[in-house]
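Notes for the one structure printed next.
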There are 2 protein chains.
Amino acid sequence: MSAIGPSTRRPTRQRSAVVESLGAVADFVSAQDLHARMRAGGNAIGLATVYRTLAALAADGVLDVLRTADGEAVYRRCSTHHHHHLVCEVCGRAVEIEVPFLEDWAETVGGEHGFWNVRHTVEVVGTCTNCQTGKP
Amino acid sequence: MSAIGPSTRRPTRQRSAVVESLGAVADFVSAQDLHARMRAGGNAIGLATVYRTLAALAADGVLDVLRTADGEAVYRRCSTHHHHHLVCEVCGRAVEIEVPFLEDWAETVGGEHGFWNVRHTVEVVGTCTNCQTGKP
DNA sequence: GCGGAAATGAGAATCATTGTCAACTCGGAT
DNA sequence: ATCCGAGTTGACAATGATTCTCATTTCCGC
Ligand SMILES: [Zn+2]
Ligand SMILES: [Zn+2]
Ligand SMILES: [Zn+2]
Ligand SMILES: [Zn+2]
């Protein structure tokens, strides 16, 4: 939650493998999914390690995290600057978007209500062009 | 997902009990939590029913749903008009807020990327005044 | 090289959520 | 009032993501 620095975090084979594997995926993947992909690609790594590593990377701000409708956490390597996502509900394709005015506004409205350390999440979801076809 | 109408939905003791119990809670509660409260209050109801009812009410737009950091779904009876929330990460206190400009913006940015049926979620989280005290 | 802290991994444990299915209840038609 | 069929319920089992445990291994500074 707070900005606790990664006081001690060692580079390991698994850690870089996770980062690299993430780079090979265009959209958001779950820990389970990534683990399966890595195993399939001959990359030996434990499931628990994938979970721990993804959580650590997300805590370090290297990854973006969001939750699917059924509560599953999904991760994606992202550009470093603060941004948000436009996600297709059908195929999961995601586009990075920005909401300039919101950044200040969130801070302001939080302050107005006496809140500190204000953060925000914004997700815009819909159906992308590719997924329009078979819809009544 | 799709806008399937509640073709047949019968009023039952349990359904109204859930709605009433929700009214007695100020902030967001999980299905588990609500079920426990109802049982404790001498209100006999099955856990599965609480889950089903909350999901149904949320689908009908009677409830607001959001997810805690660890992925648990929490519900709250809400005013009918579209709005968002400012939630305390520590105690869970929630305030309804509005983001007028965002509504149009979401629609617009979705359209620009070829997305249809665009919806959005916005959550602002922080630490409320009451929860500031014991913090370094 | 050594020692200890950090990291790993296999499996068990946790826990929210969903599925199952027989029994029950509501509402409309008879 | 009675009957019928679909919606609803609830106890319990099953699922599935995430976390925990702990013995073993790896990394880093000395
Ligand atoms: Zn799509
Ligand atoms: Zn932002
Ligand atoms: Zn608080
Ligand atoms: Zn809105």
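None of these values were measured; they are calculated from a predicted model. As a basis for the values below, the full set of heavy atoms in this structure was taken, side chains included, without hydrogen atoms, waters or symmetry mates. Every chain is numbered from 1 and lettered A, B, ... according to where its sequence line falls, protein lines coming before strand lines.
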* Structure fact -> In numerical order, the residues of residues 39-56 of chain A whose heavy atoms come under 4.0 Å of DNA chain D are A:Leu47, A:Ala48, A:Tyr51, A:Arg52
* Who passes side chain to side chain contact (heavy atoms under 4.5 Å, CB included) against A:Thr49, sequence neighbours left out? -> A:Gln14, A:Ile45, A:Arg52, A:Thr53
* To do: Ignoring hydrogens and angles, tell me if any N or O in the side chain of A:Arg67 forms a donor-acceptor pair with the backbone of B:Ala69 under 3.5 Å.
  => yes
* To do: Kindly give the heavy-atom pair with the smallest separation between A:Arg15 and A:Arg10, and that separation in Å.
  => NE-O, 3.4 Å
* To do: Indicate the atoms forming the closest heavy-atom contact of A:Val124 with B:Trp105, along with that distance.
  => CG2-CZ3, 4.0 Å
* To do: Find the distance B:Phe28:CZ to C:dA16:C1' and express it as a whole number of Å.
  => 18 Å
* Asked: Can you name the side chain to side chain contact (heavy atoms under 4.5 Å, CB included) partners of A:Arg13, sequence neighbours left out?
  -> A:Asn43
* Can you list every salt bridge (charged side-chain N to carboxylate O under 4.0 Å, His left out) pair that touches residues 20-31 of chain A, not counting sequence neighbours? -> A:Asp27-A:Arg76
* To do: Quickly work out the B:Asp70 CG to D:dT19 P distance and round it to whole Å.
  => 8 Å
* Could you check which residues of residues 16-27 of chain A get a heavy atom under 4.0 Å from DNA chain C? Sort them by number, please. => none
Every protein N/O within reach of nucleotides 23-27 of chain C N/O, cut-off under 3.5 Å:
unit_1: C:dT25; atom_1: O2; unit_2: B:Arg10; atom_2: NH2; d: 3.0
unit_1: C:dC26; atom_1: O2; unit_2: B:Arg10; atom_2: NH1; d: 3.0

* To do: For A:Asp33 and D:dA17, give me the distance from atom CG to atom P, rounded to whole Å.
  => 10 Å
* Applying the side-chain contact (heavy atoms from CB on, under 4.5 Å) test to A:Val122, which of A:His84, A:Glu103, A:Glu98 qualifies? -> A:His84
* Search all heavy atoms of B:Gly46 against all heavy atoms of B:Arg39 and return the closest pair with its distance. => CA-NH2, 4.1 Å
* What is the distance from CZ of A:Arg15 to C1' of D:dT26, rounded to the nearest Å? -> 13 Å
* Asked: Once you round it to whole Å, what is the distance between C1' of D:dA17 and CZ of B:Arg67?
  -> 12 Å
* Please report, rounded to the nearest Å, how far the P atom of D:dT18 is from the CD atom of B:Glu72. => 14 Å
* To do: Would you confirm whether B:Thr129, through its side chain, and A:Gly114, through its main-chain N or O, come within 3.5 Å as a donor-acceptor pair?
  => yes
* To do: Take the protein atom CD of A:Gln32 and the nucleotide atom C1' of D:dA17, then report the distance between them rounded to whole Å.
  => 6 Å
* To do: Verify the cluster assignment for B:Val118 and A:Val87: are they in a single hydrophobic cluster under the rule of side-chain heavy atoms below 4.5 Å apart?
  => no
* Asked: Under 4.0 angstrom, heavy atoms only, what part of the nucleic acid is A:Gln14 near: base, sugar-phosphate, or nothing?
  -> sugar-phosphate
* Compute whether any side-chain donor of one residue and acceptor of the other, for B:Glu107 and B:His120, lie under 3.5 angstrom apart. => no
